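Step one of this worksheet: look at the structure below.
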Amino acid sequence: MTQILHADKTGVTRAAALLRDGALVAFGTETVYGLGADATNAQAVAAIFHAKNRPRFNPLICHYPSADRAFHDVLANPQARHVAEAFWPGPLTLVLPRRSDCPVALLTGAGLDTLAVRVPGHPDALALLRAAARPIAAPSANRSGQVSPTSAQHVLDGLQGRIAAVLDSGPCRVGVESTVLDLSGLAPVLLRAGGVSVEDLVACIGPIQRGGAHDAAGITLRSPGLMVSHYAPGLPVRLNAATVAAEEALLAFGPVLPGARCLFQLSPSGDTTEAAARLFEGLRWLDAEGGRLGAGGIAVMPIPDGGLGLAINDRLRRAAAPRGG
Ligand code: AMP
Ligand code: MG
């Protein structure tokens with residue numbers, strides 16, 4: 001059963017305790033209802049993808065109660081400080097480089113070196129974020145493929161029984177998603193149009209490139225979910241390995257193949273949620289450790305498509321795909 005909590009002091013305290021325990025709590029913001037989890041807890045973040053039935057790991061936005069807290073985890077440049085001053089709290093998300101000591105789980109940012117951060121403009125959401133006292137990852141609180149929810153009832157329509165609680169703060173004021181602005185590169189790039197207009201952003205920081213996301217072959221990507229350069233290891237990746245060669249590092253799932261000198265176990269019991277929580281950490285570790293030991297590649301044991309297996313396999317296929325230079 002999903003608890004419905006009223007956004008008073010008791011409800012906010014309860015919702016924050018659930019989040020700190022690793023449970024999923026939907027909460028209202030000024031844009032849409034978000035499906036929140038402790039962003040520093042990879043298992044909790046994996047549970048978001050499971051509850052939403054998402055077929056792939058796209059990077060999630062991390063929510064903070066203040067710009068100060070956000071800039072603890074990412075490196076802010078002068079432009080970031082400028083727009084944060086002008087539009088936070090509010091419907092603007094900034095993509096910035098992670099700090100080296102950033103405690104946010106790699107799964108939250110889909111393994112990328114950058115992180116999307118936002119301070120929502122809703123008093124109940126801010127109260128919850130303050131009480132939780134940790135970054136909260138939250139995509140929209142709907143099943144994959146359905147429209148974003150703008151009331152607690154919409155959330156229950158899609159996620160009843162799949163999440164611990166929903167903090168009911170009434171209908172959302174803005175009703176569209178946040179504007180996503182990438183400030184991690186040389187020039188600002190608009191990744192998604194949303195609650196803050198491009199004109200207002202331009203007035204604040206000058207020219208902004210639009211639709212500037214390209215894939216490895218230089219093709220412009222239109223879908224926001226695709227406008228991200230996905231993390232791929234430096235070593236070549238071989239999928240569905242039934243054996244492991246002497247010079248290969250191994251990404252294991254379930255009972256380990258014999259002969260690997262360097263291995264990372266995603267889940268000894270073959271649990272896809274646990275494996276999802278450890279996926280990006282595993283790829284990075286094997287890349288570094290395998291590289292150090294002179295490995296020529298990473299062999300990946302087969303992972304079934306059930307549960308989060310579909311999303312794991314989607315990401316592994318991209319990691320294994322030929323590089324476009
Ligand atoms: P949602 O959480 O469903 O509202 O969507 C988050 C949006 O932010 C998606 O369009 C993501 O592709 C984008 N996003 C999140 N993190 C990053 C990142 N590190 N780099 C680029 N885009 C991002
Ligand atoms: Mg969504």
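Atoms within a ligand are numbered from 1 in the order they appear, just like the ligands themselves. Since the structure is predicted, the reported quantities are computational estimates derived from the model, not experimental observations.
For Leu112, the heavy-atom gap to ligand 1 drops under 4.0 angstrom. Residue Asp182 places every heavy atom at 4.0 Å or more from ligand 1.
Between the side chain of Thr272 and the main chain of Gly307, no donor-acceptor pair closer than 3.5 Å is present.
No more than 12 heavy atoms of other residues, nucleotides or ligands lie within 6.0 Å of CZ in Arg69, so this atom counts as exposed by the packing criterion.
Here Thr93 has no heavy atoms under 4.0 Å from ligand 1, in either its backbone or its side chain.
Between Asn142 and Ser140, the shortest heavy-atom distance links the atoms OD1-OG, 2.6 Å.
Residues Leu310 and Asp305 meet the side-chain proximity criterion, which asks for heavy atoms closer than 4.5 Å. Put simply, the side chain of Asp73 reaches to within 4.5 Å of the side chain of Pro135, judged on heavy atoms.
Those atoms of ligand 1 that come under 4.0 Å of a heavy atom in Leu191, given as number and element, are 21 (C), 22 (N). Near Pro139, with a cut-off below 4.0 Å to any heavy atom, the atoms of ligand 1 are 2 (O).
Residue Thr114 has at least one nitrogen or oxygen atom sitting less than 3.5 Å from a nitrogen or oxygen atom of ligand 1, judged on distance alone.
By the 4.0 Å N-to-carboxylate-O rule, Arg118 lies close enough to Glu30 to be salt-bridged with it.
With Arg98, Arg54, Glu177, Arg192 as candidates, the residue nearest to atom 7 (C) of ligand 1 on a non-hydrogen basis is Arg192.
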